[in-house]
Amino acid sequence: MGAQLRAIRARIRSVTSTAKITRAQELIASSRIPRARRRLDSARPYATEITRVASILVSHGTHMNHALLNRKPDTSRVAVLLMSSDRGFCGGFNHNVLRRGDALAALLRGQDKEPVFYLSGRKAVDFYRFRRRRTEREWVGLSDHPTYDVAAEIGQTLVKAFDMPTREGGVGEVHVVFTEFVSMLTQETRVRRILPLEIEEREIGGRAEGSVSAPLPPYEFEPAPGAVLDLLLRQYVRGRIWSMLLESSAAEHAARRQAMTSATDNAHELIGRLTRRANSARQAEITTELTEIVSGADALARKGDEE
């Protein structure tokens, strides 16, 4: 009985130590969420506007021979960028990204397309290295606090691969798998095709019933439409990558906070159950000791009466 009690108390100490770690991780994630959300809210209008302007530019048919607007590219090779985290303790955040990446790869292979993987985040890199899967480029150390320089580097790498013919190692499409920050309790894994560019339709009357498609307004270009298009489309890719990195970072912190909150609550619940077991074991031990004392006293009393 004593050994069982010691084992339960050792388990309580271990779980209590784990609860302190998960609580600390929860507080750290909670402190990082507001800053990540501010950066995301600041970047969203720019990403929305540059996407809208790029769609307007394409809709007018300006310089349609541009490589980034290739409507019928050779899609025998397709780039897939996976955005994961550099650290764990974030629940199913990374699992969902990797699972959607595998599902997208299977879909592409079913269409006779070869997926080529670009990885952002150490968890995705470790996952692919452990399984000896080939990757083109990897970026790590940026999920907690992504920078625009890295986003520009990723965008430039993808644009360069898209500009290159597939027979020379290029790609015909670029897809991104990332996690969108919806709310503190909801993070959705998304798949977006960013190249070739897709026109986004707008509606008059918002999303209400009865809304109709609106024609996009005309634009005048300086110095020349071709120069504007070349600069704008590359900036569009960098802006989309930057926005997705910020979405993924905010979603990672929210997922980690949610996971660590659940882990801390589960640890406290387990400590409560173990404490009740320890109390029961202690009570049983005390009862046994009392029974032995009373039995010994009775034996001594009977021995005295016989003498």
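This is a predicted model, so every value here is computed, not measured.
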Atom [atom1] of [X] and atom [atom2] of [Y]: how far apart are they, to the nearest 0.5 Å?
| X | Y | atom1 | atom2 | answer |
| --- | --- | --- | --- | --- |
| T275 | L270 | OG1 | CG | 9.0 Å |
| L195 | Y236 | CG | OH | 6.5 Å |
| T264 | M260 | OG1 | CE | 7.0 Å |
| H253 | D144 | NE2 | CG | 5.0 Å |
| I8 | R277 | CD1 | CZ | 4.5 Å |
| R44 | S243 | CZ | OG | 7.0 Å |

Side-chain ion pair, [X] and [Y], N-O less than 4.0 Å:
| X | Y | answer |
| --- | --- | --- |
| E252 | K123 | no |
| R190 | E247 | no |
| E138 | R129 | yes |

For this session: Would you please say whether a donor-acceptor pair under 3.5 Å links the side chains of R39 and H145?
Result: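 Yes, side-chain donor-acceptor contact under 3.5 Å.
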Exercise. Got more than 12 heavy atoms from elsewhere within 6.0 Å of CZ, R131?
Worked result: yes
For this session: Tell me, yes or no, whether the heavy-atom count around R35 atom CZ, taken from other residues, nucleotides or ligands under 6.0 Å, exceeds 12.
Result: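 For R35, atom CZ is not crowded (no more than 12 foreign heavy atoms under 6.0 Å).
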Problem set entry | Any S249 side-chain heavy atom under 4.5 Å of F181 side chain | no
Problem set entry | Side-chain touch F127/L82, heavy atoms, less than 4.5 angstrom | no
